[in-house]
**Q** 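I'd like to ask some things about the structure below.
The structure presented is a predicted model; accordingly, all values stated were derived computationally and were not measured. All ligand and atom numbering here is 1-based and tracks the order in the structure.
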Amino acid sequence: MNPLERHEIPGSVTAVSAKGGLPALRIETPDCSALVYQHGAHVALWGPREGPPVLFMSDASDFSPDKPIRGGVPLIYPWFGPREGAPGHGTARITAWDLTESLLLPGGDVRLRFTLPHHGNDASVVFLVTLGASLRMEFIVSNLGSSALTFENCFHTYLHVADIHQAEVRGLRGVSYTDQLLGERFTEEHDAIRFTAETDRVYQNTTDATEIADPVLRRLIRIRKSGSLSTVVWNPWIDKAARMPDFGDDEYLRMLCVESGNLREHAVTLLPGQTSALEVEIDLAPFPL
Ligand code: BG6
């Protein structure tokens, strides 16, 4: 039996066996279609009911209990990046989360609440996602223990663009970043970041909204956030794409990641009893004339 069935809402939320036989919820609201896996509490699809997808999903992705999904919104916690002898980007994205609530909101949006299991008595980790004309995500961590809790978190959002050569990321001008490929720090000089090579940057002290301009699809993908001081901009480009087994060789042409979280010098430390919330809202706007 599908463990998500008890959270079905007729006409809005349906439990399905999705790719790899993984349990997931298919969501239909007046404003969006979405698919959310229990594995990783992973929003794999979200966007308007008609038209091109907003989130990118790799055709080569694994869908397996011990592997992350390559696309959508992987939840990165409790560490970002590789770690010796441990899963890259933390364990949250390869854990089956507990779905504790599905709610139909006035107006037709759907809200899901997931909790991360296996956390003993030291922390409570909750992922709240509201699906409608916008995608609203909250990652809430409470320190229930008796000593300080330090972690990194990130919504590793994969966004679909029609042509990486024409797409731009806006909203980071003047922000200091570490180029992870060079290991050096720079200040962003451009109003609009364009992609011509592998790009892997951690921007710090970011609080403003960003947007991805897609002149081919005539749309802006807008990202607003709070409780986040780090923004990662990533595209693997040709060679890295070829090295990634779960990513098609040409897929770098149709995606980019703009990730919102708290990492490196902005890792979060919670004293006993404290709670933090990382919140991101993504929506679409028409491309200005
Ligand atoms: C990005 C990192 O956030 O994630 C990159 O900045 C990394 O360095 C990318 O390559 C993908 O990571 P993974 O573990 O999903 O292959």
Side-chain angles (χ1 to χ4, degrees), residues 19-20 37 39-44 55-95 137 139 151-161 164 167 169 172 175-186 188 193 195 197-206 210 212 223 225 228-268 278 280 282:
K19 290 195 175 163
Y37 283 81
H39 177 60
H42 197 119
V43 180
L55 303 179
F56 165 85
M57 176 56 64
S58 171
D59 288 336
S61 177
D62 290 303
F63 290 92
S64 150
D66 57 344
K67 300 258 176 63
I69 295 172
R70 177 73 68 195
V73 189
L75 300 181
I76 308 304
Y77 173 88
W79 61 84
F80 181 91
R83 180 170 283 198
E84 187 76 31
H89 281 333
T91 48
R93 68 176 179 167
I94 50 167
T95 299
M137 301 181 287
F139 195 93
F151 58 87
E152 296 172 297
N153 60 7
C154 191
F155 293 129
H156 193 308
T157 313
Y158 286 77
L159 300 160
H160 169 67
V161 294
I164 191 66
V169 176
L172 292 165
V175 177
S176 155
Y177 67 90
T178 300
D179 183 317
Q180 303 220 88
L181 304 169
L182 301 173
E184 286 177 44
R185 224 158 160 135
F186 300 91
E188 182 57 61
I193 300 165
F195 296 81
E198 183 178 352
T199 303
D200 192 351
R201 301 176 181 173
V202 178
Y203 291 82
Q204 293 289 24
N205 286 312
T206 56
T210 47
I212 292 95
I223 304 173
K225 63 174 189 164
S228 158
L229 289 174
S230 312
T231 300
V232 182
V233 176
W234 181 61
N235 180 290
W237 216 249
I238 300 167
D239 293 348
K240 178 143 188 175
R243 290 198 302 274
M244 289 160 55
D246 59 345
F247 189 82
D249 288 357
D250 293 336
E251 289 185 325
Y252 77 95
L253 291 165
R254 303 197 306 274
M255 56 71 70
L256 53 85
C257 289
V258 175
E259 312 166 30
S260 305
N262 299 285
L263 37 130
R264 309 276 157 75
E265 65 262 39
H266 289 303
V268 179
L278 160 64
V280 167
I282 299 174

**Q** Whether Arg201 and Glu184 form a salt bridge (side-chain N of Lys/Arg under 4.0 Å from carboxylate O of Asp/Glu) is what I want to check.
**A** no
**Q** Show me the pairs that pass salt bridge (charged side-chain N to carboxylate O under 4.0 Å, His left out) and involve residues 68-82, at least two apart or across chains.
**A** Arg70-Asp246
**Q** I need the minimum non-hydrogen distance between Phe195 and Ala167, along with the two atoms involved.
**A** CD1-O, 4.3 Å
**Q** With rounding to the nearest 0.5 angstrom, report the CG to CD distance, Leu172 to Glu188.
**A** 6.5 Å
**Q** Enumerate donor-acceptor pairs with a distance under 3.5 Å from any side-chain N or O in residues 232-240 to protein atoms, sequence neighbours excluded.
**A**
unit_1	atom_1	unit_2	atom_2	d
Asn235	OD1	Trp237	N	2.8
Asn235	ND2	Tyr252	O	3.0
Asn235	ND2	Met255	O	2.9

**Q** Using a threshold of 4.0 angstrom between heavy atoms of the protein and any atom of ligand 1, which residues qualify?
**A** Arg70, Phe80, His89, Arg93, His156, Gln180, Asp200, Val232, Trp234, Lys240, Glu259
**Q** I need the full list of salt bridge (charged side-chain N to carboxylate O under 4.0 Å, His left out) pairs touching residues 77-88, with sequence neighbours left out, sorted by first then second residue.
**A** none
